[in-house]
Asks: 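The structure follows.
Residue numbers begin at 1 in each chain, while the letters A, B, ... track the order of the sequences.
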Amino acid sequence: MPELPEVEVVRAGLAPAVTGATVLGVTVLDERALTRHSGDGAHFEAGLSGRLIRGAARRGKFLWLPLDGPGRPSEAVVAHLGMSGQILLRAPGAATERHERIRLDIHHPDHGDLAIVFADQRTFGSLALDALVPTTDAAPGGHGTVDASVPAQVAHIARDPLDPAFRTGVFRATLARKDSAIKRVLLDQSVVSGIGNIYADEALWAARIHPEVPARVLSTRTVNRLLAEVDAVLEKALAEGGTSFDAQYVNVNGQSGYFAHSLNAYGRTGQPCPRCGRPIVRVSFTNRSSHFCPYCQKPSRA
DNA sequence: GGAATAACCTGGATGC
DNA sequence: TGCATCCAGGTTATTC
């Protein structure tokens with residue numbers, strides 16, 4: 001499931017191959033991969049062909065490629081991997097991938113011709129051509145860019161905890177106003193971006209916070225501890241190439257990450273807590289699952 | 001306005 | 001073996 005570390009691995013792999021490249025052609029195989037695009041497949045293809053890609057940027061789980069082009073508006077290709085999206089770099093003319101939805105043929109002045117393949121099993125991910133708008137804080141739009149702009153559909157997404165422009169004071173103040181469970185708040189991308197179900201469970205386990213504790217009751221010290229653990233979990237996952245359970249997530253070369261071997265709570269129902277040895281439990285939580293240690297993560301600790 | 005919930009989707013796992 | 005059902009979860013529209 002692509003969360004911040006997985007998307008960052010994809011961005012880092014994509015950047016050297018696409019920066020300075022020109023889009024030769026676009027093939028849309030499945031228009032369901034354009035749910036965030038305002039037009040149809042033909043509109044997407046026409047808007048992209050001939051454009052120069054200036055780089056690869058990311059905020060939270062959103063990835064975008066800023067575009068140049070004579071007489072063209074300030075735009076970017078925005079990608080969201082959803083639950084099962086993959087962006088792969090392939091040789092020109094490479095065989096169609098399983099679940100391939102969109103292919104961009106590009107030419108890079110140093111690397112020659114390449115194909116960018118967007119494949120997605122569950123079709124929750126998408127690509128879109130979107131206008132770039134100024135950031136509200138005048139800081140760079142995200143990781144991998146110095147431009148103070150973001151795609152319009154990413155503008156409502158909060159900065160992620162690894163972003164230098166992330167403001168912990170604003171985060172603490174937001175939590176103090178939230179009656180919702182802390183895990184729900186961590187998953188709210190308008191509060192803090194990049195965290196999904198896996199890393200929310202892992203960070204809460206590391207910080208010894210029960211996932212259903214109301215956010216507003218957490219002390220400043222506890223919120224600081226949580227943020228430190230969120231940073232640590234994301235950094236470690238990034239260093240290990242992300243999490244992969246079943247080839248749902250791969251880097252641009254189709255390789256899986258190793259962080260699944262480092263998980264302490266997520267997906268470990270019934271297995272001993274690495275800290276106290278008591279079994280990890282799984283509870284249903286807003287259409288998904290929460291995994292935690294009921295002994296280490298008592299609600300009263302808040 | 002804030003919070004909670006349903007819907008979207010595919011394929012693997014499970015049960016009968 | 002084949003069919004039906006459940007489950008995984010990020011985002012957004014809808015409802016309360």
Asks: Answer yes or no: are there more than 12 heavy-atom neighbours, outside A:His43 itself, under 6.0 Å from its atom NE2?
Replies: no
Asks: Pull out every protein N or O sitting under 3.5 Å from an N or O of nucleotides 4-6 of chain C, one pair per line with the distance.
Replies:
none

Asks: Closer than 4.0 angstrom, basic N to acidic O: yes or no for A:Arg184 and A:Glu212?
Replies: no
Asks: Would one find a side-chain N or O of A:His99 under 4.0 angstrom from OP1 or OP2 of B:dG11?
Replies: yes
Asks: Given B:dG2, is OP1 or OP2 found less than 4.0 Å from the side-chain N or O atoms of A:Lys178?
Replies: no
Asks: Between the side chains of A:Ser149 and A:Asp147, is a donor N or O closer than 3.5 angstrom to an acceptor N or O?
Replies: no
Asks: Report yes if at least one side-chain N or O of A:His80 is closer than 4.0 Å to OP1 or OP2 of C:dG10; otherwise report no.
Replies: no
Asks: Within this structure, what is the CG-to-C1' distance between A:Leu175 and B:dG2, rounded to whole angstrom?
Replies: 15 Å
Asks: One thing to verify: whether A:Lys183 and A:Asp201 come together as a salt bridge, which I'm taking to mean a side-chain N less than 4.0 angstrom from a carboxylate O.
Replies: yes
Asks: Enumerate all atom pairs, one protein N or O and one N or O from nucleotides 13-15 of chain B, separated by less than 3.5 Å.
Replies:
none

Asks: Any side-chain N or O of A:Arg282 under 4.0 Å from OP1/OP2 of C:dA8?
Replies: yes
Asks: Which word best sums up how the rings of A:His80 and A:Phe62 line up, parallel for under 30°, tilted for 30 to 60°, or perpendicular for over 60°?
Replies: perpendicular
Asks: Hey, is the side chain of A:Gln189 poking within less than 4.0 Å of OP1 or OP2 on C:dT11, counting only N and O atoms?
Replies: yes
Asks: Enumerate the protein-to-nucleotides 4-8 of chain B contacts in which both atoms are nitrogen or oxygen and the separation is below 3.5 Å.
Replies:
from: B:dA4; atom 1: OP2; to: A:Ser180; atom 2: OG; distance (Å): 2.9
from: B:dA4; atom 1: OP2; to: A:Arg184; atom 2: NE; distance (Å): 3.0
from: B:dA6; atom 1: N7; to: A:Asn287; atom 2: ND2; distance (Å): 3.1

Asks: Applying salt bridge (Lys or Arg N to Asp or Glu O under 4.0 Å), name anything that partners A:Asp110, two or more places apart in sequence or on another chain.
Replies: none
Asks: With axes from five pairs an end, tell me the bend angle of the helix from B:dG2-C:dC16 to B:dC16-C:dG2, nearest 10°.
Replies: 50°
Asks: So which heavy atom on A:Glu3 is nearest to which on A:Ile198, and how close?
Replies: OE2-N, 3.0 Å
Asks: Cationic tip of A:Arg59 within the cone over A:Trp64's six-membered ring, i.e. under 6.0 Å and within 45° of the normal?
Replies: no
Asks: Within the pair A:Ser84 and B:dT10, is there a side-chain N or O less than 4.0 Å away from OP1 or OP2?
Replies: no
Asks: Looking at A:Asp179 and A:Arg216, is any side-chain nitrogen of the basic one under 4.0 Å from a carboxylate oxygen of the acidic one?
Replies: yes
Asks: Strictly below 4.0 Å, N to O, side chains only: are A:Arg225 and A:Glu229 in salt-bridge contact?
Replies: no
Asks: Please determine if A:Asp137 and A:Arg167 form a salt bridge, counting it only when a charged side-chain N lies under 4.0 Å from a carboxylate O.
Replies: no
Asks: So what does A:Thr35 touch, heavy atoms closer than 4.0 Å: a base, only the sugar-phosphate, or nothing?
Replies: nothing
Asks: Output all residues satisfying salt bridge (Lys or Arg N to Asp or Glu O under 4.0 Å) with A:Asp30, sequence neighbours left out; order by chain, then residue number.
Replies: A:Arg32, A:Arg101
